[in-house]
Amino acid sequence: MRNVARIVMTILLIVVLGSGFRWLYLNRHQFLATDTALPDQSAVATLWNTTLSDQKGKAYPLAQFKGKPMILNFWATWCEPCRDEMPEISELATAHPEIAVLGVAIDEAAAVHEFIESTPVSYPLLIAENEGMPLAEVLGNNKGVLPYTVIVSAQGEITHIFFGRVNRDMLQKALKL
């Protein structure tokens, strides 16, 4: 009897969470607006002081990307809009190697490794785990949503932020490509 109750509760939880994510996805237009003020220079200083690792443990001090335009995309393996935007971001990264494109996973290394096995991308996917959302918040994500994308100019200024799914067109316009 306890197993049946546990199964029913698990199914109910999945349905409720699924409905919530579906609502967020269907109402993503309200999160795409960049009506929030852009973060100041102290946010960029925090960015340059951050070091993240990929799923293999290779460290990426983000300061190594100073002087290059950067797309910093916060995502998670369980986030459908995050996964949907990755092929376009990957195409852009391949077409423009002069731009630093980084995916920041709000996830564990094992989940990212499994994701990469089924969906390879052309840019580094860095593991932020619990540090990821506070970093995203410092960089302007005051809504706490994923995906969240930050554009940093070669001069080290945050020029655009995007709440929700982005596409190649949006990124090209932001980067003036």
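Remember, it's a predicted structure, so these values are computed and weren't measured experimentally.
Without hydrogens or angle criteria, Asp54 side chain to Lys58 main chain gives a donor-acceptor distance under 3.5 Å. When atom types are taken as modelled, the side chain of Ser90 and the backbone of Met86 share no donor-acceptor pair closer than 3.5 angstrom. For the pair Asp169 (side chain) and Lys173 (backbone), a donor-acceptor distance under 3.5 Å is absent. Looking at Arg83, its side chain does come within 3.5 Å of a backbone N or O of Thr77 through a donor-acceptor pair.
For the pair Gly103 and Trp75, the tightest heavy-atom approach, listed with the atom from each and the gap, is C-NE1, 3.7 Å. The two residues Pro147 and Cys79 come nearest to each other via the heavy atoms CD-SG, 3.8 Å. Ile161 and Gly140 get closest at one heavy-atom pair: CD1-O, 4.2 Å. Gln55 and Val112 get closest at one heavy-atom pair: CB-CG1, 4.4 Å. Here the closest heavy-atom approach between residue Trp48 and residue Gly156 is recorded as CZ2-CA, 4.3 Å.
Within the model, atoms CD of Glu80 and CG of Leu146 stand 13.5 Å from one another, a figure rounded to the nearest 0.5 Å. Going from atom CD of Glu88 over to atom CE of Met170 covers 10.0 Å, rounded to the nearest 0.5 Å. A distance of 9.5 Å separates CZ of Phe115 from CG of Asp107, quoted to the nearest 0.5 Å. With values rounded to the nearest 0.5 angstrom, Ile99 atom CD1 is found 5.5 Å from Leu92 atom CG. In this structure, CZ on Phe74 lies 6.0 Å from CD1 on Ile106, to the nearest 0.5 angstrom. For the atom pair CG (Leu139) and CD (Glu137), the distance works out to 10.0 Å, reported to the nearest 0.5 Å.
Applying the 6.0 Å contact sphere to CD of Glu91 captures more than 12 heavy atoms from other residues, nucleotides or ligands. Counted within 6.0 Å of NE2 on His113, heavy atoms from surrounding residues, nucleotides or ligands total 12 or fewer; the atom is thus considered open. Within a 6.0 Å radius of CD in Glu108, no more than 12 heavy atoms belonging to other residues, nucleotides or ligands are found. Summarising the local packing, CD of Gln172 is surrounded by more than 12 heavy atoms from other residues, nucleotides or ligands at distances under 6.0 Å.
Both Leu38 and Leu62 are part of a single hydrophobic cluster, where members link through side-chain heavy atoms under 4.5 Å apart. In the hydrophobic clustering of ILVMFWY residues, with side-chain heavy atoms under 4.5 Å counting as a link, Val138 and Val104 come out apart.
Between Tyr123 and Ile89, some side-chain heavy-atom pair lies under the 4.5 Å cut-off. Pro124 places a side-chain heavy atom less than 4.5 Å from the side chain of Tyr60. The side-chain heavy atoms of Phe162 and Val150, taken from C-beta on, include no pair separated by under 4.5 Å. A 4.5 Å side-chain heavy-atom check between Val121 and Ile116 finds every atom pair outside the cut-off. At a threshold of 4.5 Å between non-hydrogen side-chain atoms, the residues Ile71 and Leu102 do not count as touching. No side-chain heavy atom of Val152 sits under 4.5 Å from any side-chain heavy atom of Thr159.
A salt bridge between Lys68 and Glu98 is absent, with no side-chain N of the basic residue lying under 4.0 Å from a carboxylate O of the acidic one. Salt bridge absent: Arg168 and Glu85 never bring a charged side-chain N and a carboxylate O closer than 4.0 Å.
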For Leu72 and Thr149, what are the C-alpha separation, side-chain angles and deciding distance, and is it a side chain to side chain contact (heavy atoms under 4.5 Å, CB included)?
CA-CA 6 Å; Leu72 196 61; Thr149 305; over 6 Å; no

Side chain to side chain contact (heavy atoms under 4.5 Å, CB included) between Val101 and Asn73, worked out
CA-CA 8 Å; Val101 179; Asn73 178 254; over 6 Å; no

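Relative orientation of the Tyr148 and Phe163 rings is tilted, given thresholds of 30° and 60° on the angle between their planes.
Among residue pairs with one or both ends in residues 102-131, none qualify as disulfide (SG to SG under 2.5 Å); sequence neighbours excluded.
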